[in-house]
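Every chain is numbered from 1, with letters handed out A, B, ... down the list of sequences.
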There are 2 protein chains.
Amino acid sequence: MTAATGRCCAPITREPLSPDDAAELAVLLKAAADPVRLRLLSMIGSHPGGEACVCDLTDAFDLTAPTISHHLKVLRTAGLIESERRGTWVYYRIVPTAITRLGALFTPLTPATAAS
Amino acid sequence: MTAATGRCCAPITREPLSPDDAAELAVLLKAAADPVRLRLLSMIGSHPGGEACVCDLTDAFDLTAPTISHHLKVLRTAGLIESERRGTWVYYRIVPTAITRLGALFTPLTPATAAS
DNA sequence: ATCATTTTTAGACAAGCTTCTAATCAGGGG
DNA sequence: CCCCTGATTAGAAGCTTGTCTAAAAATGAT
């Protein structure tokens with residue numbers, strides 16, 4: 001939370017990141033930096049109602065249920081998604097602020113980032 | 001390159017990513033998803049003149065020169081930075097379009113992404 | 001040519017990640 | 001109460017990654 005001097009370039013190309021900030025952001029990025037998890041994020045986020053049951057997700061992959069469960073846990077631990085059990089099924093939702101935070105890192109200062 | 005229907009949410013939360021797109025984006029993200037490489041990116045991008053010599057970068061870390069060189073290679077292979085040798089020194093620059101591409105993934109459709 | 005400096009390559013080792021199978025937890029019916 | 005389905009946890013195998021030391025390549029100076 002430092003300079004907001006001019007509108008020039010993405011924060012990441014703007015001033016040196018502190019080691020602490022870099023470590024914290026790397027955790028978020030590492031969670032996102034996997035083909036399966038990117039697809040899970042996009043499937044959850046674009047699902048009608050904004051949430052998806054694990055059973056909706058598993059079939060799209062050639063992976064076992066425990067593997068999908070593992071990837072969901074990685075995303076949840078990083079704070080990119082959250083889960084809720086309703087009866088037999090567990091539903092996952094995107095955490096919008098986490099996504100926004102990633103976007104802000106690479107995007108040239110737009111006022112739209114915190115919107116809606 | 002599909003829908004541009006409404007301004008709602010980040011592309012990643014908008015529609016399911018194809019396996020191919022996910023794989024390609026994961027390569028970019030994986031390169032960025034490391035504390036050392038995030039700091040390297042930010043140090044290069046924020047350096048006066050838009051480029052930094054390897055010698056400017058090494059001292060900020062408790063790492064050996066070969067390790068820094070390795071991380072720079074990962075970033076360059078992914079297309080996030082490019083290098084040029086001038087005399088004794090090698091200079092690194094950010095590739096803005098690659099950064100923009102990452103930002104666009106997580107940002108809710110702003111017209112500023114392709115600017116400047 | 002020899003040497004010093006800057007950067008990269010090569011190879012090795014420890015740590016971490018992705019995936020699996022097997023077993024366990026949680027809820028809902030017969 | 002027992003079983004069935006949905007989901008997670010536990011533990012293991014194989015591959016990838018981050019870091020190091022040692023050596024090489026590239027350039028400029030003596």
Side-chain angles (χ1 to χ4, degrees), chain A residues 17 19-20 22-41 43-44 47 49 51-93, chain B residues 17 19-20 22-41 43-44 47 49 51-93:
Chain A
L17 235 41
D20 282 359
E24 200 188 335
L25 288 164
V27 171
L28 264 188
L29 281 168
K30 223 170 248 181
D34 178 275
V36 174
R37 294 197 288 267
L38 281 176
R39 289 180 63 199
L40 285 171
L41 276 180
M43 290 169 73
I44 293 169
H47 206 82
E51 58 182 16
C53 163
V54 177
C55 58
D56 295 325
L57 304 170
T58 311
D59 294 347
F61 299 89
D62 261 356
L63 296 169
T64 63
T67 298
I68 298 298
S69 198
H70 161 74
H71 284 299
L72 289 169
K73 186 180 190 175
V74 171
L75 289 171
R76 204 188 48 207
T77 301
L80 288 165
I81 58 176
E82 55 191 10
S83 67
E84 181 190 348
R85 163 160 240 143
R86 285 204 301 275
T88 307
W89 294 279
V90 176
Y91 294 88
Y92 281 88
R93 271 187 305 277
Chain B
L17 235 40
D20 282 358
E24 199 188 336
L25 288 164
V27 171
L28 264 188
L29 282 167
K30 225 170 247 181
D34 178 275
V36 173
R37 295 197 287 267
L38 281 176
R39 289 179 64 200
L40 284 170
L41 276 180
M43 290 168 72
I44 294 169
H47 206 82
E51 57 182 16
C53 162
V54 178
C55 57
D56 296 325
L57 304 170
T58 312
D59 295 347
F61 300 88
D62 262 355
L63 296 169
T64 63
T67 298
I68 299 297
S69 196
H70 161 72
H71 284 299
L72 288 169
K73 186 179 189 174
V74 171
L75 289 171
R76 203 189 49 206
T77 301
L80 288 164
I81 59 176
E82 55 191 9
S83 67
E84 181 190 347
R85 162 160 241 144
R86 286 204 302 274
T88 306
W89 294 279
V90 176
Y91 295 88
Y92 281 88
R93 270 186 307 278

### Task
Please state how far atom CG in B/L72 lies from atom P in C/dT7, giving the value in whole angstrom units.
10 Å
#### Entry: Nearest atoms (heavy-atom pairs only) where B/A31 meets B/L80
CB-CD1, 3.9 Å
### Check against side chain to side chain contact (heavy atoms under 4.5 Å, CB included), B/D34 and B/V74
CA-CA 11 Å; B/D34 178 275; B/V74 171; over 6 Å; no
Atom pairs and distances, side-chain donor-acceptor, residues 63-71 of chain B, under 3.5 Å, sequence neighbours left out:
unit_1 : atom_1 : unit_2 : atom_2 : d
B/T64  : OG1    : B/T67  : OG1    : 3.1
B/H71  : ND1    : B/R37  : NH1    : 3.0

Compile the donor-acceptor pairs under 3.5 Å between side chains in residues 51-61 of chain B and protein atoms, sequence neighbours left out, one pair per line.
unit_1 : atom_1 : unit_2 : atom_2 : d
B/E51  : OE1    : B/R93  : NH1    : 3.0
B/E51  : OE2    : B/R86  : NH1    : 3.4
B/E51  : OE2    : B/R86  : NH2    : 2.6
B/D56  : OD2    : B/H47  : NE2    : 3.4
B/D56  : OD2    : B/C53  : N      : 3.1
B/T58  : OG1    : B/V54  : O      : 3.0

### Summary
chain A reaches DNA chain D, atoms under 4.0 Å from its heavy atoms, from D/dG6 to D/dT9
### Message
Restricting to non-hydrogen atoms, name the atom on B/A33 and the atom on A/A33 that form the minimum distance, rounded to 0.1 Å.
### Response
CB-CB, 4.1 Å
### Task
Please lay out, stage by stage, how A/I81 and A/L40 fare under the test side chain to side chain contact (heavy atoms under 4.5 Å, CB included).
CA-CA 10 Å; A/I81 58 176; A/L40 285 171; over 6 Å; no
#### Entry: Whole angstrom value for the distance that separates P of C/dG16 from NZ of A/K30
10 Å
### Task
Report the distance from atom OH of B/Y91 to atom C1' of C/dT6, rounded to the nearest whole Å.
11 Å
### Query
Under 4.0 angstrom, heavy atoms only, what part of the nucleic acid is B/R37 near: base, sugar-phosphate, or nothing?
sugar-phosphate
#### Entry: Where A/I44 and A/Y92 come nearest, the two heavy atoms and their spacing
CG2-O, 3.3 Å
### Task
Indicate, with a heavy-atom threshold strictly under 4.0 Å, whether B/F61 touches base, sugar-phosphate, or nothing.
nothing
### Query
Closest approach of A/A22 and B/R39, non-hydrogen atoms and distance?
CB-CG, 3.4 Å
Using a cut-off of under 3.5 Å, enumerate the N/O to N/O pairs linking the protein to nucleotides 19-23 of chain C.
unit_1 : atom_1 : unit_2 : atom_2 : d
C/dT19 : OP2    : A/H71  : NE2    : 2.3
C/dC20 : OP2    : A/T64  : N      : 3.1
C/dC20 : OP2    : A/T64  : OG1    : 3.1
C/dC20 : OP2    : A/T67  : OG1    : 2.7

## Note on the structure
Sequence neighbours excluded, the answer for side-chain contact (heavy atoms from CB on, under 4.5 Å) partners of A/R85 is A/V90
### Query
What distance do B/L17 atom CG and A/M43 atom CE have between them, rounded to the nearest 0.5 Å?
10.5 Å
### Task
Scan nucleotides 25-30 of chain C nucleotide by nucleotide, 5' to 3', and note B when protein non-hydrogen atoms come under 4.0 Å of the base, S if they reach only the sugar-phosphate, - if neither.
-SSS--
